[in-house]
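In what follows, a structure is listed as structure tokens, so that the remarks can point back to it.
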Amino acid sequence: MSANLEKTYNHHDVERRWSSAHWESEGIFDAEHFRVFEGGKEPYTVLMPPPNVTGSLTLGHVLNHTLQDIFIRYQRMSGKEALWLPGTDHAGIATQTVVEKKLREKGVSRHDLGRKEFLEHVWKWRDEYGGLILKQLRKLGISCDWRRNLFTMDEGASKAVRHAFITLYRDGLIYRGKRIINWCPVSQTALSDEEVIMKPRKDKLVYVRYPLTKRPGEHITIATVRPETILADVAIAVNPEDPRYSDLIGEMAVVPIAGRHVPVIADDYVDVGFGTGALKITPAHDPNDFEVAGRHNLPVLCVVGRDGRMTDEFGYAGLDRFEAREKIIADLEGRGSLVKVEEYEHNVGYSERADVVVEPYLSEQWFVRMKPLAANALQVVNDNQIRFHPAHWISTYRHWMENIKDWCISRQLWWGHRIPAWYDQEGGIWVAESYEEACHLAGTDKLVQDEDVLDTWFSSWLWPLTTLGWTGEQAENDDIRAFYPTDTLVTAPDIIFFWVARMIMAGLYFRKDVPFRDVYFTSIIRDMTGRKLSKSLGNSPDPLKVMDVYGTDALRFTIVYIAPLGQDVLFGEEKCEFGRNFATKIWNAARFVFMQREKAFGGMDEFGCAYQCFNSEAMVLSDAERWILGRYHRMLDAYHKAFGQFRMNDITRIVYDFFRGDYCDWYLETLKIELAGESSETRKHQAVCLAVYLLEGVLKMLHPVMPFITEEIWHHVLRREDSESIARSAMPMPETGWHDRGSDSFELVQKTVSETRSIRAVFGVPHDMTASLIIRAPEKTVRRLFSDNGAVVEGLTKCNVSIAEDSQRPPHAASAVVDGNELFVPLEGLISFEKEIARLEREVNSVSGYVRRMERKLANKGFVDNAPDDVVENERRKLAEAKSNLGKLQANLKVLCN
RNA sequence: GGGUGAUUAGCUCAGUUGGUUAGAGCGCUACCUUGACAUGGUAGAGGUCGGAGGUUCGACUCCUCUAUCACCCACCA
């Protein structure tokens, strides 16, 4: 490897050289429990939210996994034994749907194949395509311990699921019951409440007349949006307080079309103000009606089947529920039962996956009793044993926990963990690890296993345990002892209920300890107009393409830079220019530093020797160097603090600002001048060492965000083996006290340079022309500062500098005042007096306005009496400085006006 | 109906316990291809911080009300 970098930064080469495959073979990212137990290293663990096996990489993954990688790399470099647990989720409905769709293209349904053969197809599909997302994640450069990759259907995880189910069942927290659940007519399975999305929808509110049995000619009118369920009506309900209907309570009414005689009942549930104040009761097709029916001992009739088609005996059977609705409205009208139809917009539940209206469906399902689990899970968050970032998610979490309902965990699918329950011929339920065990318990071998599988999240909620090898019966091992509880969970806020809350419950229940300490909720990524990214909108850029065009580091840096804690992110791939430009800048700056190194030292060996002995404390520093070291340590301090506060976009901002604004724009520019000057060789050697030292520090700080480019450059800092990694190097720590060492005196030089450059630009002094700069500095220390930095000022302003305590003001000069020091740039032939007068007048106005405000402030007794002394003192000092500057500005203006 | 968050320059956003004349990137204007970098440099124009009130010596920052937008939760047919 040559000592310096290639002239042009090529991210493809760099990413190829330091690929995930390279590090996997070196075992660089592997974490071991013995290093915790015997090596005394502190553990740090991140749980990867397992992506769906059906998935491919989205920008959401990019943000999410980059953040996790940043945490992991940072902690690894901070000396912890950092473990990142990867894996994939079997994603029940999603995967089954994908495979069924593929089969359907060949004209085969899963029922044609049968359960066993269908599952073979799913496994085959998973083996073939299931690794795609992990491959893509590797491209992102994330540093997991890939040896521990877990799939939620692996044997260990499956064992854990069975154990969890059995334990909860024995503890009375899982039960089987007949309830109204959310039914997806497309996937033909039950869903949990969380899998139902409420969406506004326009429907018809239909007013229907029900004749009263014993009062010929009289009737009661109800309003419904689901007229097709009239066929299953078992009562009419009114509010007991409603005077309009009080005399009708106890009467019988006739259900149109069905001809059924049903009672008029009174129930508080009915809202007097809605519709007609009378409500039809259809227990099988509405959860509220089901409850009302329970209170009044009413029968339950069902007219909609599992496929969303009618099953009634009134001539609608086989019709889709929405077709039946239209037909019934027409039929009601034909019979004269229809009063009127109103347009009505209301919220309707849709199936998350299939995006169809969910059918409330009465069926036998398995449920988890959530209230007892929620109590502890809420407690640990209230007690700060688990911290949310940003913290405001606690109120959302709390609200859900306090209003929690039982969790429907059975799914009428084939792909998933089969429910470990068997039924005997009398209908008795036997929950056991295996058929054999169930037979043993039941005392018979005539048992049939429950056909259903478990909700995917029933395995996900055990993820913190199963990834560490917990199977329930095998509840203890070295990994769990070393790494549980895990530390940081990074996840999108939309699965706070699905996953985060339930993991907390499971951790507390099965391990008696929280599953993690900190939860970082990532931003939701939107397009530039604020819309959510989605495949159907076509507004979702392909991250792999973005990585290819701009570079993986550029994408990682950009997305973290623009993603503040707790805020949505508007992303357009052109934003990655920002990260790409920064990467290029780093490359070029490093190349420059290495060039200077080569000039000063010749060979890498000579440099290596000097660099390894280098100590900035033992070096005689220039003002610029003292300043940059002060800035460096201040930045380091801010950087580590930002990590502590989970302010991830701050860390990119902090390093970016330092590197661009301070290191490149000022410090490297002064370094050029220093090295071109007359200093001794030793001094030049030290200057180069310092430049490399600071560069290496910045590389380490950037490494968690930009792993590839920092790795490449780091390998050029010294001779290093390919097996070595910056990822295993030590993160620099801040030293305080640089402020006291006068690190800010260089700022006066900077201000002087900027003012002088401004004058040159405003008056159009040609670039190749050397001008003069006269500095009138009343204080000796300041004159000393300028004379020490004379070459720097001359180099950066392209002016010959002269310094004096009280020099004559040249006649044709532009002027400026910096901290009480006057700058004169003689511009014979170039100066426009009008321009200069206008410029000075603007400045005088601005400063005198400031002075007036400050005088008013300090004349205010309330301020002087109430504000802290140091604040008042500071304001006095500022006023004095401004007044002194103002006086000098006015004097210079006066000279011009005469 | 309840809850949460946002509102600062043309655009996208910083502004961490209230105390410098409110900052950056992109875009824009002018100048510059100088031996790290035009994916760059230097200089410049451009906001009074959604609106109204209040607390305070002092408010972009705290409180109240209000407007707009976004998201989450909620069984009124």
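We name chains A, B, ... by the order of the sequence lines, and we start the count at 1 in each one. Predicted model, so just to flag it, every value in this text is computed and none were measured.
Classification of the A/F388-A/Y397 ring pair by plane angle, with boundaries at 30° and 60°, yields perpendicular. Using the six-membered ring where Trp is involved, A/F578 and A/Y561 have ring planes that are tilted, between 30° and 60° apart. Note on ring orientation: taking the six-membered ring where Trp is involved, the planes of A/Y663 and A/F659 are parallel (angle under 30°, cut-offs 30° and 60°).
To the nearest angstrom, P of B/A77 lies 12 Å from CD of A/E345. For A/E881 and B/U20, the CD to P distance is 14 Å, given to the nearest whole Å. Between the CZ atom of A/R839 and the P atom of B/A43 there is a distance of 13 Å, rounded to whole Å. If you measure from atom CZ of A/F863 to atom P of B/U56, you get 17 Å, rounded to the nearest angstrom.
For A/K672 against B/A36, a side-chain N or O and a base N or O form a donor-acceptor pair under 3.5 Å. On a pure distance criterion of 3.5 Å, no polar donor-acceptor pair joins the side chain of A/E755 and the base of B/A43.
Counting non-hydrogen atoms under 4.0 angstrom, A/L279 reaches a base of the nucleic acid. Counting any heavy atom pair closer than 4.0 Å across all strands shown, A/R760 reaches no nucleic acid atom. A/F578 comes within 4.0 angstrom of the backbone, heavy atoms only, and of no base. Note on A/T282: nothing from the nucleic acid sits closer than 4.0 angstrom, heavy atoms only. Among the atoms of the strands shown, base atoms are found under 4.0 Å from some heavy atom of A/P868. Within 4.0 Å (heavy atoms only), A/K861 reaches no atom of the nucleic acid at all. Using a 4.0 Å heavy-atom distance criterion, A/R226 is classed as making no nucleic acid contact. Counting any heavy atom pair closer than 4.0 Å across all strands shown, A/N860 reaches sugar-phosphate atoms only and no base atom. Among the heavy atoms of the strands lying under 4.0 Å from A/K405 are primed sugar atoms or P, OP1, OP2 only; no base atom is included. Base engagement by A/N347 is indicated by at least one non-hydrogen atom pair under 4.0 Å involving a base atom. Using a 4.0 Å heavy-atom cutoff across all strands shown, A/F763 reaches no nucleic acid atom at all. Residue contacts for A/R591: at a heavy-atom cut-off of 4.0 Å it reaches the sugar-phosphate backbone alone, with no base atom in range.
Minimum atom distance to the side chain of A/Y656 is reached by B/G25, of the listed B/A36, B/U39, B/G25. Among the nucleotides B/U4, B/C37, B/G19, the one closest to the side chain of A/N588 is B/C37. Comparing B/A77, B/A43, B/U20 by their nearest atom to the side chain of A/Y269 picks out B/A77. Minimum atom distance to the side chain of A/V270 is reached by B/A77, of the listed B/A24, B/A77, B/U39. Side chain of A/R757, nearest nucleotide from B/A14, B/U42, B/G15: B/U42. With B/C73, B/U12, B/G5 as the choices, the nucleotide that has an atom nearest any side-chain atom of A/F497 turns out to be B/C73.
Under the 4.0 Å criterion applied to side-chain N and carboxylate O atoms, A/D657 and A/R653 are not assigned as salt-bridge partners.
Using a 3.5 Å distance cut-off with no hydrogens or angles, the side chains of A/R877 and A/N874 do pair a donor with an acceptor.
Note on A/K585: every side-chain N or O is 4.0 Å or more away from OP1 and OP2 of B/C37. Between A/N288 and the phosphate of B/C75, there is no side-chain N or O to OP1/OP2 separation shorter than 4.0 Å. Between A/N581 and the phosphate of B/G40, there is a side-chain N or O to OP1/OP2 separation shorter than 4.0 Å. The phosphate of B/G41 (OP1 or OP2) has a side-chain N or O of A/R660 nearer than 4.0 angstrom. Regarding contacts with the backbone of B/U42, every side-chain N or O of A/K798 stays at 4.0 angstrom or more from both OP1 and OP2.
Remark: aromatic rings of A/Y207 and A/Y344 are distant, center separation not under 6.0 Å.
Ring-base stacking between A/Y850 and B/U21 is satisfied, the centre separation being under 5.5 Å and the plane angle under 30°.
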